[in-house]
Structures are given as structure tokens and as C-alpha cells.
Amino acid sequence: MNKELQEQIFSKYPKLFAQKDLPPTKSLMCFGMEVDNGWFNIIDTTCKVIQDYLDSKPAVHQVEFVQVKEKFGGLRMYARGGDDYTFGVISMAESLSFKTCERCGNPGKETHIGWIFTLCQPCQKIERRE
């Protein structure tokens, strides 16, 4: 994800990304969000739903993301804290990523171009030319 979008999420949800400045021996968030821009809305919405829920449930331990990345064509959001509800929200976000182009955010599908991506038709064409 580009720096501007990443910083937008980090500044909107500082509690969720409290580990972003830790060294790699403590958290992999120091590497930033290792996804493309197309999943920005999925991540942003997921963070909003989780933080709003946590703010209304003080007994639930604060979620802190330790890594956000792409793996096998899908979004992975690894976290500490939370409960079944927050992990369900994360699971739904990860599922949505398999139907959303990682590059542009339009509807997409799993594509094998030497690597597994979730891309829309136009982004598949661009990727094949790169």
C-alpha cells in the first residue's frame, strides 16, 4: 500500500496499529501493510468496525495488528487481542479480498500469473505485460 494511504489508516486507528513502530523482533507491522492499494477500503472498513466495537466494549482487550499482508492472493490480518466478534470481522475482510482486485479495488478473482493474485480483468492484462 502506498505511504499516503497507509498513514491515513495508521492515523485514523492508532490503537489498532500501536505496534507499527516496534522492531521486527516484536512485530511485523514495522514493514507496513504489505498489500496493494485496492484493498484500502476493506482494511479501512474493517478497522472502523473493530475499533467502534472495542470502544463500546471496554471489557474486550484492545486489538493490535501485528501483520497485514497478501498471501496466496488474499488479505491476511494477524492480530493480538479481541474476541470472537473481532476475529469474525477480520475473517470476513479476508474473505472479501478474494473477490476484490488488490490493485484497483474493483471486483476481481483469483488469477495465476506466476504468482497467485486477486485481480480484475484490466489489471490482469497489465500484470501479464509487466
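Computed from a predicted model, the values in this text were never measured in an experiment.
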From CZ (Phe87) to CE (Met92), nearest 0.5 Å
16.0 Å
Without swapping roles, check the side chain of Thr118 against the backbone of Gly73 for a donor-acceptor pair under 3.5 Å.
yes
Cluster overlap Phe98 with Val35, hydrophobic side-chain contacts below 4.5 Å:
no
Is the number of heavy atoms from other residues, nucleotides or ligands under 6.0 Å of Lys57 NZ greater than 12?
no
All heavy atoms of Met29 vs all of Phe17, minimum pair found to be CE-CD2, 3.6 Å
Transitive ILVMFWY cluster of Tyr78, excluding itself - 4.5 Å side-chain cut-off:
Val66
Does a sphere of radius 6.0 Å around CG in Asp52 hold more than 12 heavy atoms from other residues, nucleotides or ligands, not counting ones at 6.0 Å or beyond?
yes
Show your reasoning for whether side-chain contact (heavy atoms from CB on, under 4.5 Å) applies to Arg80 and His61.
CA-CA 9 Å; Arg80 291 189 181 125; His61 192 266; over 6 Å; no
So, does Asp83 use its side chain to make a donor-acceptor pair with the main chain of Thr86 at under 3.5 Å?
yes
Linking I/L/V/M/F/W/Y whenever any side-chain heavy atoms sit under 4.5 Å apart, do Trp39 and Leu119 land together?
no
Hydrophobic clustering (ILVMFWY, side-chain heavy atoms < 4.5 Å, transitive) - are Tyr85 and Ile42 grouped together?
yes
Heavy-atom side-chain proximity of Val68 to Leu28 below 4.5 angstrom
no
Distance, nearest 0.5 Å, that separates CG of Leu54 from OH of Tyr13
12.5 Å
What's the separation between atom SG in Cys120 and atom CD in Glu127, rounded to the nearest 0.5 Å?
11.5 Å
Ignoring hydrogens, what is the shortest heavy-atom contact between Ile90 and Ala79? Give both atom names and the distance.
CD1-CB, 4.2 Å
Backbone N or O of Met77 within a donor-acceptor pair of the Glu94 side chain at under 3.5 Å?
yes
Side-chain contact test, heavy atoms from C-beta onward, threshold under 4.5 Å: evaluate it for Ile9 versus Phe40 and give yes or no.
yes
Would the distance check show the side chain of Ser11 and the main-chain N or O of Gln8 forming a donor-acceptor pair, the cut-off being under 3.5 Å?
yes
How far does OG1 of Thr45 sit from CD1 of Ile50, to the nearest 0.5 angstrom?
11.0 Å
Exam field: side chain Gln6 to backbone Met33, donor-acceptor pair closer than 3.5 Å:
yes
Rounded to the nearest 0.5 Å, how far apart are CD of Gln121 and CD1 of Ile126?
11.5 Å
For Asn37, does its backbone N or O pair with a side-chain atom of Asn2 as donor and acceptor, under 3.5 Å?
no
Any donor-acceptor pair under 3.5 Å linking the side chain of Glu70 with the backbone of Phe72?
yes
Approximate separation, where rounding is to 0.5 Å, of Ile113 CD1 and Gln124 CD
5.5 Å
side-chain contact (heavy atoms from CB on, under 4.5 Å) assessment of Leu16 paired with Gln62:
CA-CA 7 Å; Leu16 294 174; Gln62 176 65 46; 3.5 Å; yes
Could you walk me through whether Lys15 and Gln51 pass the side-chain contact (heavy atoms from CB on, under 4.5 Å) check?
CA-CA 8 Å; Lys15 293 178 187 175; Gln51 194 58 61; 3.7 Å; yes
